2 protein chains.
Amino acid sequence: MAAAVRRLVATAGLDAATVAGVAREAGFSVGLVQHYFKSKDDLLLFAYRQVTEDVHDRVAARIADGVARQRPISAVLFDSLLELLPLDDARRAEYRVSRAFSGRALDNETLAEVARAGAADVRDQLAVAVHNGKECGEVEPDLDPALAATRISAVVEGLADQLYRDPERRVGTRTLRSAAEELVRECLAGVFTGECRQYANAKR
Amino acid sequence: MAAAVRRLVATAGLDAATVAGVAREAGFSVGLVQHYFKSKDDLLLFAYRQVTEDVHDRVAARIADGVARQRPISAVLFDSLLELLPLDDARRAEYRVSRAFSGRALDNETLAEVARAGAADVRDQLAVAVHNGKECGEVEPDLDPALAATRISAVVEGLADQLYRDPERRVGTRTLRSAAEELVRECLAGVFTGECRQYANAKR
DNA sequence: GCCATAACCATATCGACGTACGGTTTTGAG
DNA sequence: CTCAAAACCGTACGTCGATATGGTTATGGC
């Protein structure tokens, strides 16, 4: 049912996510939707939470995989961050949904809270990664993980916006897509300046 | 009349910007609104354009002032970019409006076009500034202005999102606000690496 | 087999909104 | 002064969407 919401929002925007519309899309009756969600806001909130959770899980999976394979933290982060960019249709759709909700969050404190939590989550994951980077020699010891996390997430968020708005744009002679990848790489390189010389078994 | 739209959107969100509501807010009748705008979409589009134009003008004024006073480009840019961040109530309100519209732009190609143009405008101004920076020795000659502009605008956009979402957040021991300022400064420092040794009278 | 509970449905209600319409007043050029 | 155009107003209409209501049909523990 939440999937129906997400499909509708992704294809036709939040305004198209009417109760009747969701019911039709999901193949249920209006009454059933009401049975499970006491109001439309509830339904939307649930769907939004689910989206942010999905993103979180996808990133967490990438990180777990990287840890298991003992890759350098910076490389794992690079892959994880690309996961957040709208680089294919699936992620574009996901981005549409996220942005639509974050737009409504402007005047809905409940949704705003979800948005805040989602953003805090990626920042925290980044900060932990930077912190761990110190222990295995990839990061300078006196670098502030919180500040670095803020910068990295800002870059990624800003690039996501640009990629979504105009995916066909060219930056000089290259595609925006390749430019974005380079900028993420570069940004990480500014933090993970050292060689990975030991593989800590730290979490994340 | 557009001012009424902006006030409503800023205080109560796009959904509150109904034709009757705008009329009331502006002190006019519904009929008059219709007289000037053939549809509600027209009205919103006009208001959105006006907002982006205002932002453009504010930034352009900052730049013109900097040029007149022959300040280093990097310093002028720093001030200009801070202008884009939601650092006080006025800019927060403006940011709310912009974001609300950019949310609706997700499923409205006309609005999306405005958003694209606005973003392109900022980037172009940045690219020109970087280019000019080369001529007066602030920027390495072989640096790609388009790429630099993409990076800078991404950072600023991402920081704006973070500042809006959670203005009270702290980054380590400092405020997000001061962290954001430092990150912008730092980002510019990565591009404008040289001393300003001559003041070109180039535009912007 | 009983029956409470959950799953499920169709329709009615009611408010809100965009727009159409028919009107009056103001204005300013000739 | 004239009169057409523009400014301006209030209301009515039709639509659509959220929610309420009053149901019927499974389901599963006893």
Side-chain angles (χ1 to χ4, degrees), chain A residues 1-51 96-97 99-115, chain B residues 1-51 96-97 99-115:
Chain A
M1 201 169 262
V5 175
R6 292 167 64 171
R7 247 172 296 149
L8 278 179
V9 175
T11 59
L14 247 178
D15 287 339
T18 128
V19 174
V22 170
R24 198 175 330 113
E25 174 78 23
F28 297 133
S29 71
V30 177
L32 191 59
V33 177
Q34 293 183 110
H35 182 65
Y36 288 107
F37 299 95
K38 79 181 221 301
S39 77
K40 186 195 178 182
D41 280 354
D42 263 28
L43 171 59
L44 295 183
L45 182 61
F46 182 83
Y48 190 22
R49 273 201 239 270
Q50 191 185 287
V51 172
R96 279 174 69 88
V97 178
R99 276 294 291 241
F101 277 113
S102 93
R104 182 148 303 194
L106 290 168
D107 49 298
N108 180 328
E109 186 47 38
T110 318
L111 291 182
E113 194 45 56
V114 177
Chain B
M1 200 168 265
V5 175
R6 292 167 64 170
R7 247 173 296 146
L8 278 180
V9 175
T11 58
L14 246 178
D15 287 339
T18 125
V19 174
V22 170
R24 197 175 334 113
E25 174 77 24
F28 297 133
S29 71
V30 177
L32 191 60
V33 177
Q34 293 182 111
H35 182 65
Y36 288 107
F37 299 96
K38 77 182 223 300
S39 78
K40 186 195 178 183
D41 280 355
D42 264 28
L43 171 58
L44 295 184
L45 181 62
F46 181 84
Y48 190 22
R49 272 202 240 269
Q50 191 184 287
V51 172
R96 280 174 69 86
V97 179
R99 276 293 292 239
F101 277 114
S102 92
R104 183 148 303 195
L106 290 169
D107 48 298
N108 180 328
E109 186 48 38
T110 317
L111 292 181
E113 194 46 56
V114 177

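A, B, ... follow the sequence lines: proteins, then strands. Residue 1 opens every chain. None of these values were measured; they are calculated from a predicted model. Every heavy atom of this structure was used, including side-chain atoms; hydrogens, water molecules and symmetry mates were not.
The distance between atom NZ of A:Lys38 and atom C1' of D:dA20, rounded to the nearest whole Å, is 15 Å. Nucleotide C:dT19 holds its C1' atom 15 Å from the CG atom of B:Leu32, rounded to whole Å. If you measure from atom CZ of B:Arg24 to atom C1' of D:dG10, you get 14 Å, rounded to the nearest angstrom. In this entry the distance linking CG of A:Leu43 with C1' of D:dT19 reads 14 Å, nearest Å. One interatomic measurement links the two molecules: CZ of A:Phe28 to P of C:dA10, which rounds to 13 Å at whole-angstrom precision. Regarding A:Asp42, its CG atom lies at a distance of 13 Å from the C1' atom of D:dT19, rounded to whole Å.
Annotation: of the two residues near DNA chain C, A:Ser29 and B:Thr18, the 5′-most nearest-nucleotide partner is A:Ser29. Of the residues near DNA chain D, B:Gln34 and A:Asp15, the one whose nearest nucleotide (by heavy atom distance) lies more toward the 5' end is B:Gln34. Along DNA chain C, the nucleotide nearest to A:Val30 and the one nearest to A:His35 differ in position, and the one closer to the 5' end is contacted by A:His35.
One side chain, B:Arg99 or A:Ser102, offers a donor N or O that lies under 3.5 Å from an acceptor on the other.
Between B:Arg7 and B:Thr11 the shortest side-chain heavy-atom distance does not fall below 4.5 Å.
A:Arg96 places a side-chain N or O within 3.5 Å of a backbone atom of B:Leu106 that can act as its donor or acceptor partner.
The phosphate of D:dA6 (OP1 or OP2) has no side-chain N or O of B:Tyr36 nearer than 4.0 angstrom.
When distances are taken from the side chain of A:Lys40 to each of C:dG18, C:dA7, D:dT19, the shortest belongs to D:dT19.
Of the residues A:Phe101, A:Tyr36, A:Phe37, the one that meets the ring-ring contact (aromatic ring centres under 6.0 Å, His included) test with A:Phe46 is A:Phe37.
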